[in-house]
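All chains are named by letter (A, B, ...) in the order of the sequence lines, taking the proteins before the strands, and each is independently numbered beginning at 1. Keep in mind that the numbers below use all heavy atoms, side chains included, and drop hydrogens, waters and symmetry copies.
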Amino acid sequence: MVTTKSKKETKKKTTTKRTVKVKKAETVKKTIGKKPVAKKIASKTKVTKASAKTKRVATKKAVTTSSPKGKRTASKAKAVKAIMAVTEQPRAVIPVEKKQSTIQAVMETKAAKSEPKRDISFNPQEMEPRWQKKWEMDKLYRAVIDYSKPKFYALTMLPYPSGDLHMGHWFPMTPSDARARFMRMNGYNVLFPMGFDAFGLPAENAAIKSGIHPMKRTRDNIVRMRAQLRSMGAMFDWEREAVSCEPEYYKWTEWFFIQLYKHGLAYRKMSPVDFCPNCNTTLAREQVWGEDRHCERCDTPVIKKDLEQWFFKTTKYADELLNFDGIDWPQTVKTLQTNWIDRSEGASVIFKTETGNHDVEIFTTRPDTLWGATFMVFSPEHPLVDEITTPENKAAIEEYKVQAARQSDIQRGAVDKEKTGVFTGGYAINPVNQARIPIWIADYVLMSYGTGAIMAVPAHDERDFAFAKKYDLPIIEVIRPESEVRATSESSLQAAYIGAGVMVNSDQFNGTKVNTEKGRKNPGVSAVIDWLQEKGIGKESVNYRYRDWLISRQRYWGSPIPMVRCDIHGWNPVPEDQLPVTLPEDVEWKPTGESPLKLHPTWKNTTCPMCGGPATRETDTMDTFMCSSWYHLRYLSPHYDRGPFDPAEYDYWMPVDTYTGGIEHATMHLLYTRFFHKALRDAGIVKGDEPMLQLRNQGMVLGEDGEKMSKSRGNVIAPDILVDKYGADTVRTYMMFFARWEMGAPWDSQGIEGPARWIRRVWNLFTDPTQPASDSAFDGRQLRRRVHQTLRKVTHDFENFEFNTIISSLMELMNEMYKAREAGAAGSPEWKEAQDIYLHMLAPVAPHIAEELWTNHLGKTYSIHQQPWPKFDEAAAKEDSIELPVQINGKVRDRITVPAEAREEEIKAAALASETVRKYLEGKVPKKVIVAKGRLVSIVV
RNA sequence: GCCGAAGUGGCGGAAUAGGCAGACGCGCACGACUCAAAAUCGUGUUCCCUACGGGAAUGAGGGUUCGAUUCCCUCCUUCGGCACCA
């Protein structure tokens, strides 16, 4: 599921930041292997910035590098300095500035000399696999039901086994892992599982190309990716791993299909697919290329073909899916799903055709404009088109239908496209006034929305207006702005009028007020609906943009649909005790991509579960979103064979407490999985109304060029190399630090140096040989204060998914600790507490180094990952005195230091007593003095 | 066109409740160490100016306020999603 599918290539060159970033990336690339050139570029850029300061620097630089004479002079000067340093060395050993004894200074020098050694002893390449192995041996992250503890199900989207893990996987997963670890230290029994969403088109395409069976390829990829996932040092419980392409998994995907079928939620209907007539294959959207929409394999123009396929009635849950009560999901996702479902209220009205006397149902949100309907427009695919078309219009209609079918919905909906259509020759009767109106077809009416036919009201709909103007069709005004009641209607005919007013030309409804509200809130709409229902012409109705879920795929590499068809008994599910219907292994791959299930000689032959007579299997497989709609349930008991999940595990762990993943799944996976849960609830299989209580989305890691990472662009950053070079702890830290998590950012390969330095400096801070404090300037109260302030901040940020500031706070505290140690903190109780709390806060972020320092260097009880989160001490975090800025007329002019508990009058007095303030006041009496407690003092003159 | 998110130094970003804009880090510059380089450590680093001091600045413009990155209005730009939706 976590993939880098790109639907559109980004073509537009941006003029702002992105472009700047691209330029920077180019410079960086040039740096590799050719440092001097890069440096020159850098200085050149600075010169163009026209800053006097940098110009000077650049000029200086140019002198030293370009003139050999200058260079010699410079190095000569350096040599002289070096000699001086050598001669001065004996004296330099004796500390001059620091108030420390000579003995201490000597020890310090020794410590300084041993520094490189300490750096060498920090060896993540040795340490990380060692701890990973031990944690696994000790089953440290095994999540077992334990009713004595509150449970926490932390779920992150599972990867598609494409072959290699990349930054797009690390970015959502490692911060999620850190948070799962944080929850664990806070006393929760945490389940953090991992698996593979293993069915799908790429493996099948690879099989067609190479002949390697998708199962082999997928399993090989999983083996490799599992090892890569382990290198993260995450707390995945591998005993709960689930792989969707294994029969023990898809047996239950099939079983779920049958349950939905039994509850009336699965049905068959005709639906068009993109089809290559040459390859005899259905094509996915990504296999249709170019403006002319040709097949990716053979360049043949793609056609639309109607196939009978399986659907789930997702629309049955449309209203319930619009309700987000009780779940903590980002507003963005809720809005996206709401707009995707797009509920609209109105009426459905029956028009009759003149020929054949057929009922044609249309949906309208504006039944109040029915008297203005001067023509009808059918979608070219509408089933009645052939019948109503008169012989003289046949040829034109057929040609238009072919042309419309060649286009994608996106092309049909292009903004600047001129409206086109063809008259069928047929007529319909407007039921409200018996007017005889022509029926046209046009590609702007889509079969997939509403009923595939509309009444056209050109006076009050922009599209209908444009169409009527182009083909010279009548326009009748039926809503008139109230201010123009006495005016002629001429002006309103220049464009469609969409607004409030009163109904005109509408028989008994003339004079009825109409506002811009929707549905029943609009008096005109409401009155007409009541009348339509009374007359039996139409009824109040709700329409959704949301469609039923088409789950049939004409592919091999997916979960089989467990249905068989017999000539006598039609479609019936495979008996549950015969599940799973397994995919045959002996299949032949045609270069055309035709599904091998169709071509298999025996697989599809079976017997009818009703009569035992000959029957055939469904050869289509299921959409892979079906597999990912319930994987969170399979994790509970991946090898359980008496049901899709062990009810005992379900009762303890479900629902999912936190779900993390990409926002690109907002209207697909995240909506499917909610539907699926509700359908299963109604089938009595699961409990509760929602599967995931809290959702958080991360942004995207782009390539260094600011574009989406993809193999074809060659901008993929592989984590393996980084783990080899820096260690997993550093890469994890960088994932949390380098961008706002919910935003994402382009990759910056230089930026990782920051976290790398931090991790090394933490190592040195803890492993440095330390001496007890003597003659110390160390302020223990101050250190405690900083430690507990950081603890408060880090705790808050973990709770709120603000990962980048967790790392900055830890960096700041480390800097404080270095200063404290310099001042002689080592050995004090405050120092020991600082070390303790620091490692606890570090543990979720960088689990390996935290464990090594805790267990091996401080000699504490293994494992730090089983320790409780430290207790925050409010009193310790409190400041004694605070520094307040003093503003005069909005400008900061001075700073005063007051006790933290100082009262307002005291602060005011202190501010006015300040010399600087008095200078600025020049004897004037301030108009107003505002004291924002703990923030600042503002004086208005 | 509609819906959603965002715009802060050279870069990623920070800023409890409307209260010191630029934390932390990258990069860069200079210095220390080194034969040298790397690493490390230290110092500096928003912009402008007449530079001891002063001014401007959070996409642009306006408003509310003693005070706005934060709230309101208008506009611009970028990103994501949907789109002739009846």
Legend entry - B/G27 phosphate, OP1 or OP2, under 4.0 Å from A/Arg757 side-chain N/O: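 Result: yes.
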Legend entry - A/Arg761 side chain near B/U40 phosphate (N/O to OP1/OP2, under 4.0 Å):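 No, no such contact exists.
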Inset, instruction - Would you indicate, yes or no, if B/A86 has its OP1 or OP2 atom less than 4.0 angstrom from a side-chain nitrogen or oxygen of A/Tyr449? - result: yes
Legend entry - Closest to the A/Ser808 side chain, choosing from B/G19, B/A23, B/C85: B/A23
Legend entry - Side-chain N or O of A/Arg895 closer than 4.0 Å to phosphate OP1/OP2 of B/C20: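 Indeed not, no polar side-chain atom of A/Arg895 lies that close.
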Inset, instruction - Taking only the side-chain nitrogens and oxygens of A/Arg935, find out if one of them lies under 4.0 Å from OP1 or OP2 of B/G18. - result: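 For A/Arg935, the contact criterion (side-chain N or O under 4.0 Å from OP1 or OP2 of B/G18) is not met.
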Inset, instruction - Check whether any side-chain N or O of A/Arg740 sits under 4.0 Å from OP1 or OP2 of B/A14, and answer yes or no. - result: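 Checking A/Arg740 against B/A14: at least one side-chain N or O falls below 4.0 Å of OP1 or OP2.
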Legend entry - Phosphate-side-chain proximity, A/Arg463 and B/C85, N/O vs OP1/OP2 below 4.0 Å: yes
Legend entry - First of A/Gly754 and A/Lys928 reached from the 5' end of RNA chain B, by closest nucleotide: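 Its nearest nucleotide lies further toward 5', so the answer is A/Gly754.
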Inset, instruction - Compare the minimum distances between each of B/A5, B/C82, B/C66 and the side chain of A/Met743, then state the nucleotide with the smallest one. - result: B/A5
Legend entry - Distance test, side-chain N/O of A/Asn339 to OP1/OP2 of B/G81, below 4.0 Å: no
Legend entry - N-glycosidic conformation, B/G9 - syn within 90 degrees of 0, else anti: syn
